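Please read the structure below before turning to the comments.
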Amino acid sequence: MSTEMTKQDRAEHWIHMQGRESAEVRGVSDVISFDEQTVLLDTVCGSLAIEGENLHIRVLNVEQGIVTMDGRIHSVGYFSTEDDDKQRKSGFFARIFR
């Protein structure tokens, strides 16, 4: 199986928020960690951090790639990991300018 994402994989990732009180994330490949303030997820589009207060995971189904949670959501953002940085550095221009 290829580690590169296809356009179809990207299309299957989405986040649906109901106000700032609940969220559903699709396209989750792994749960990195979670507590009442932060939920860290690996998705088909990269690593995702959801920060807030009193966060509770209601549904966790990594086989189907679904995570739903409730609580007070303050921020949602993608971040890069060391592996992402290595992959980016080994891109097209890095290979040209070796």
Side-chain angles (χ1 to χ4, degrees):
M1 179 179 260
S2 174
T3 58
E4 292 184 34
M5 283 188 290
T6 64
K7 288 183 182 180
Q8 182 180 359
D9 291 335
R10 290 177 192 245
E12 292 176 1
H13 172 62
W14 53 264
I15 302 168
H16 176 87
M17 291 182 58
Q18 184 78 24
R20 293 177 68 177
E21 305 303 320
S22 66
E24 179 177 349
V25 183
R26 297 275 177 135
V28 175
S29 55
D30 194 13
V31 176
I32 300 169
S33 68
F34 63 92
D35 59 29
E36 289 189 345
Q37 288 82 35
T38 307
V39 177
L40 301 176
L41 305 170
D42 271 336
T43 73
V44 296
C45 289
S47 299
L48 178 68
I50 300 171
E51 297 179 331
E53 299 172 27
N54 300 318
L55 298 177
H56 299 281
I57 294 180
R58 292 184 295 154
V59 175
L60 172 58
N61 188 332
V62 178
E63 288 179 5
Q64 292 183 343
I66 302 169
V67 173
T68 63
M69 66 191 74
D70 57 15
R72 181 75 172 158
I73 298 170
H74 296 300
S75 68
V76 177
Y78 292 91
F79 64 95
S80 65
T81 62
E82 200 171 299
D83 290 338
D84 293 338
D85 292 339
K86 287 178 186 176
Q87 202 170 39
R88 194 175 309 115
K89 289 177 184 175
S90 68
F92 176 71
F93 290 109
R95 289 189 299 256
I96 289 176
F97 295 112
R98 283 188 187 181

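Worth knowing before you read on, the calculation uses all heavy atoms, side chains too, and leaves out hydrogens, waters and symmetry mates. Note that the structure is a prediction, hence the values are computed from the model and not measured.
- Using modelled atom types, no side-chain atom of Arg72 and backbone atom of Gly52 make a donor-acceptor pair closer than 3.5 Å.
- Both Leu41 and Tyr78 are part of a single hydrophobic cluster, where members link through side-chain heavy atoms under 4.5 Å apart.
- To the nearest 0.5 Å, atoms CG (Leu40) and CZ (Phe79) are separated by 5.0 Å.
- Both Met69 and Met17 sit in one connected hydrophobic cluster of ILVMFWY residues. Membership requires side-chain heavy atoms under 4.5 Å apart, directly or through other members.
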* To do: Go through Glu51 and Gln37 one step at a time and tell me if the side-chain contact (heavy atoms from CB on, under 4.5 Å) criterion holds.
  => CA-CA 6 Å; Glu51 297 179 331; Gln37 288 82 35; over 6 Å; no
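- Remark: side-chain polar atoms of Asp30 are not paired, donor with acceptor, to backbone N or O of Ile32 under 3.5 angstrom.
- The stretch residues 16-60 participates, sequence neighbours left out, in no ring-ring contact (aromatic ring centres under 6.0 Å, His included) pair at all.
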* To do: Could you walk me through whether Val59 and Val67 pass side-chain contact (heavy atoms from CB on, under 4.5 Å), step by step?
  => CA-CA 5 Å; Val59 175; Val67 173; over 6 Å; no
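- Among all heavy-atom pairs drawn from His13 and Arg26, the shortest one is ND1-O, 2.8 Å.
- Remark: Asp70 pairs with Arg58 by the salt bridge (Lys or Arg N to Asp or Glu O under 4.0 Å) rule, at least two apart or across chains.
- Nearest approach of Ile50 to Leu55, heavy atoms of both residues: O-CD1, 3.8 Å.
- Looking only at atom types and distance, the side chain of Thr68 has no donor-acceptor partner in the side chain of Glu24 under 3.5 Å away.
- Note on Ile15 and Val31: same hydrophobic cluster, where clusters join Ile, Leu, Val, Met, Phe, Trp and Tyr whose side-chain heavy atoms are under 4.5 Å apart, directly or indirectly.
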* **Working for side-chain hydrogen bond (donor to acceptor under 3.5 Å, both in side chains), residues Ser29 and Asp42** => CA-CA 6 Å; Ser29 55; Asp42 271 336; 5.1 Å; no
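- When hydrophobic clusters are built by joining Ile, Leu, Val, Met, Phe, Trp and Tyr residues whose side-chain heavy atoms come closer than 4.5 Å, directly or via intermediates, Val25 is grouped together with Leu60.
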